[in-house]
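Some notes on the structure that comes next.
Any value given below was found using the heavy atoms of this structure, including those in side chains, with hydrogens, waters and symmetry copies removed.
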Amino acid sequence: MSAVHGTTTPPGVPGPRPWSADPYSDALVTGRGPLFLRRTDGWLLPLEVERWCARADAVDLTVLGRCEGTVLDVGCGPGRLVAELAARGRPALGIDVSEAAVAHTARLGGQALRRSVFEPLPGEGRWDTALLLDGNVGIGGDPAALLRRMAQLLTPGGLLIVETLADVDVDERVSVHIVRVADPRSTAGPAFPWARLGTPALLRHAARAGWRREGQWSAGGRSFVALRNRDGRDGPDDRDDRDDRNSRSTSSAADPANSTAVINSQRARKPSPESPVANR
């Protein structure tokens, strides 16, 4: 899932980190759910803990095959994507606010920092690719602010791959709690803001923020959009400078992650991109 900031804390100022607390941490330790985000109206968004704690699947691999150069996985969770990139010899860093998520990433052989996306990060403005998968486009409950932040992290002309809700046009801001079971009386952590976006809504936000659509596709019941960051050397309507980007040495694109810093990551996994489950 994605890195959640505080409920009212402005970007850039560390606030409450609900993803760093149980029951999410407990679920990552066991690798099993059920775990949900519960909206204030009682609806439940299922969290796919088992899939997140497993190795990258076939759909994940199609996404990773599109990545360019250095990769920043925002809300890396247990680290399956970062670990897969590392196994391929690709420079990659995960960030997550959950200490359990960062530790899990390290055990898989990936590098991660316990940090919010809105806090200072290594290699700002020099990452070639950034990932917002597993519902992480909802981080902070403000897609426009998150897209602006992603533009700051990526190199001019960099690639952002976002997972959206499949087959629906949703643009929703919600307040949610993390709960362990589908029981409205179960213990929940503090409320925090979240967002849910379908592809049309994401494209509207992206266009307003100056992103260019690179492509969109569906696989395994999941939907994805690739966006291209504005190139500082060109106007917003100019063609992508992909050849120049790919010819660059990846070692100069972003600061290498500190391999000893794996006890400091950013946030935990996010809600499943599937439809919410009604509370019984």
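The CZ atom of Arg66 sits 7.0 Å away from atom CD1 of Ile161, with the distance rounded to the nearest 0.5 Å.
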Subject >> Pair Arg90-Asp128, salt bridge (Lys or Arg N to Asp or Glu O under 4.0 Å): steps then yes or no >> reply: CA-CA 12 Å; Arg90 299 286 299 277; Asp128 294 300; over 6 Å; no

Subject >> side chain to side chain contact (heavy atoms under 4.5 Å, CB included) between Arg126 and Leu154, worked out >> reply: CA-CA 5 Å; Arg126 288 177 285 167; Leu154 284 169; over 6 Å; no

**OP:** Might you work through the salt bridge (Lys or Arg N to Asp or Glu O under 4.0 Å) test for Arg173 and Asp142, ending with a clear yes or no?
**Re:** CA-CA 7 Å; Arg173 314 292 182 278; Asp142 187 343; 5.5 Å; no

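Shown here for Met150 and Val117, the closest heavy-atom pair between the two residues is SD-CG2, 4.1 Å. The shortest non-hydrogen separation linking Leu93 to Pro122 is CD2-CG, 3.7 Å. The heavy-atom pair separating Leu132 from Val137 by the smallest distance is CB-N, 4.3 Å. Across Ala101 and Tyr24, no two heavy atoms sit closer than the pair CB-OH, 4.4 Å. The minimum heavy-atom distance linking Asn229 with Thr155 is given by the pair ND2-O, 3.3 Å. Closest approach of Cys76 to Ala112, counting heavy atoms only: SG-CB, 4.2 Å.
Residues forming a salt bridge (charged side-chain N to carboxylate O under 4.0 Å, His left out) with Arg88 (at least two apart in sequence, or on another chain): Glu84. By the salt bridge (charged side-chain N to carboxylate O under 4.0 Å, His left out) test, Asp167 is found to be paired with no residue, residues two or more places apart in sequence or in another chain being considered. Every residue two or more places apart in sequence or in another chain that forms a side chain to side chain contact (heavy atoms under 4.5 Å, CB included) with Val170 is listed here: Leu165, Val168, Glu172, Arg196.
With Leu131 as the partner, the side-chain contact (heavy atoms from CB on, under 4.5 Å) test is satisfied by one option alone out of Val74, Val71, Leu160, Leu72: Val71. When each of Thr105, Asp57, Asp60 is tested with Arg80 by the rule side chain to side chain donor-acceptor pair (under 3.5 Å), just one qualifies, namely Asp60.
Checked by atom type and distance alone, the side chain of Arg222 never pairs as donor or acceptor with a backbone atom of Thr164 at under 3.5 Å. Of the possible polar contacts, one joining the Glu50 side chain to the Gly33 backbone as a donor-acceptor pair under 3.5 Å is found. At distances below 3.5 Å, not a single donor-acceptor pair connects side-chain atoms of Glu68 with backbone N or O atoms of Thr129. No side-chain donor-acceptor contact under 3.5 Å links Ser223 to the backbone of Ser218.
A salt bridge between Arg149 and Glu124 is present, with a side-chain N of the basic residue lying under 4.0 Å from a carboxylate O of the acidic one.
In this structure, the side chains of Val179 and Leu44 come closer than 4.5 Å at one or more pairs of heavy atoms.
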